[in-house]
Chemist: 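One structure follows; several queries about it will come next.
Heavy atoms only: backbone and side chains are in, while hydrogens, waters and symmetry mates are out. Position 1 is the first residue of the sequence, and the numbers go up from there.
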Amino acid sequence: MLEITNEMRNARAERIAKIEKRIDDKIRSAVERGEHSAYFYCDKDSDKDVYDEIRSKYERAGYKIKPTGYIGGVWQLTEDICW
């Protein structure tokens with residue numbers, strides 16, 4: 001069995017930090033515009049290995065993650081983070 005190395009742990013931590021920075025930047029920008037939601041920049045498919053961890057971290061902080069809904073009559077597969 002191949003054990004998880006520190007290099008693997010560090011790579012995961014860096015990936016999570018990069019995604020969280022993107023989300024935080026979206027939130028900061030929305031707040032500056034006086035909005036109360038932003039695009040949740042963590043994808044269920046491409047970020048599936050860290051999605052649950054990141055989502056629960058933001059929800060524990062008080063944010064709500066909801067489907068984006070319809071835009072122009074088309075259901076979006078994305079999610080928004082709301083406060």
Side-chain angles (χ1 to χ4, degrees):
M1 175 176 77
L2 181 64
E3 292 188 26
I4 296 176
T5 64
N6 284 336
E7 181 179 341
M8 294 162 75
R9 284 186 184 94
N10 292 340
R12 178 181 173 83
E14 287 176 20
R15 186 155 179 266
I16 289 171
K18 186 182 287 188
I19 293 169
E20 288 175 350
K21 182 185 180 323
R22 290 189 311 208
I23 295 168
D24 291 346
D25 289 347
K26 291 286 184 187
I27 292 170
R28 195 172 293 110
S29 179
V31 167
E32 289 172 359
R33 292 189 306 272
E35 299 171 355
H36 298 279
S37 67
Y39 170 59
F40 185 62
Y41 213 116
C42 186
D43 186 64
K44 289 180 193 176
D45 295 323
S46 62
D47 300 319
K48 63 184 169 193
D49 58 321
V50 294
Y51 174 84
D52 290 334
E53 181 178 342
I54 292 172
R55 179 181 176 140
S56 66
K57 187 174 185 179
Y58 279 91
E59 288 177 331
R60 283 192 312 271
Y63 292 96
K64 303 273 189 241
I65 313 296
K66 299 180 177 186
T68 300
Y70 288 96
I71 296 178
V74 178
W75 181 258
Q76 304 300 303
L77 298 177
T78 57
E79 293 177 308
D80 291 342
I81 185 165
C82 309
W83 54 91

Chemist: Can you tell if the side chain of I23 reaches within under 4.5 Å of the side chain of I54, non-hydrogen atoms only?
Modeler: yes

Chemist: Say whether, by atom type as modelled, one donor and one acceptor occur between the side chain of T78 and the main chain of T68 under 3.5 angstrom.
Modeler: no

Chemist: For the salt bridge (Lys or Arg N to Asp or Glu O under 4.0 Å) test, which of K26, K66, K64, R55 pairs with E79?
Modeler: R55

Chemist: Could you list the residues that satisfy ring-ring contact (aromatic ring centres under 6.0 Å, His included) with Y51, not counting sequence neighbours?
Modeler: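 Counting only residues at least two positions away or on another chain, Y51 forms no ring-ring contact (aromatic ring centres under 6.0 Å, His included).
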
Chemist: Which distance, rounded to the nearest 0.5 Å, do you find between the NZ of K18 and the OH of Y41?
Modeler: 11.0 Å

Chemist: Show the nearest heavy-atom pair for residues W75 and P67, with the distance to one decimal.
Modeler: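 Taking W75 first and P67 second, the nearest heavy atoms are CZ2-CB, 3.8 Å.
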
Chemist: Please answer: with hydrophobic residues joined when any side-chain heavy atoms are less than 4.5 Å apart, are M8 and I16 in the same cluster?
Modeler: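 They do not share one cluster, since no chain of ILVMFWY contacts under 4.5 Å joins M8 to I16.
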
Chemist: Would you say E3's side chain and M1's backbone share a donor-acceptor pair under 3.5 angstrom?
Modeler: no

Chemist: Parallel, tilted or perpendicular: which one describes the rings of F40 and Y58, with boundaries at 30° and 60°?
Modeler: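 Perpendicular.
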
Chemist: Starting from the C-alpha separation in whole Å, work towards a yes-or-no answer on salt bridge (charged side-chain N to carboxylate O under 4.0 Å, His left out) for K21 and D25.
Modeler: CA-CA 6 Å; K21 182 185 180 323; D25 289 347; 2.8 Å; yes

Chemist: Specify the closest pair of heavy atoms between I4 and R9, including all atoms of both residues, with the distance to one decimal.
Modeler: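 Residues I4 and R9, closest heavy atoms: O-NH1, 3.2 Å.
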
Chemist: Taking all non-hydrogen atoms of both residues into account, name the closest pair between A30 and S37 and its distance.
Modeler: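 Taking every non-hydrogen atom into account, CB-O, 3.5 Å.
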
Chemist: Suppose we screen for side chain to side chain donor-acceptor pair (under 3.5 Å). Which residues come up paired with R60, at least two apart in sequence or across chains?
Modeler: S56

Chemist: With a 4.5 Å heavy-atom cut-off, do R15 and D49 have their side chains touching?
Modeler: yes

Chemist: Out of curiosity, D52 CG to E59 CD, how far, rounded to the nearest 0.5 Å?
Modeler: 9.5 Å

Chemist: Measure the shortest side-chain to side-chain distance between K44 and L77 over non-hydrogen atoms and say whether it is less than 4.5 angstrom.
Modeler: no

Chemist: Considering only heavy atoms from C-beta outward, does the side chain of V50 approach that of I19 to under 4.5 Å?
Modeler: yes

Chemist: Just wondering, are more than 12 heavy atoms of other shown residues or ligands nearer than 6.0 Å to CD1 in I71?
Modeler: yes

Chemist: Let me confirm one number: the CZ-SG distance from R22 to C42, rounded to the nearest 0.5 Å.
Modeler: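 Separation between the atoms: 7.5 Å.
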
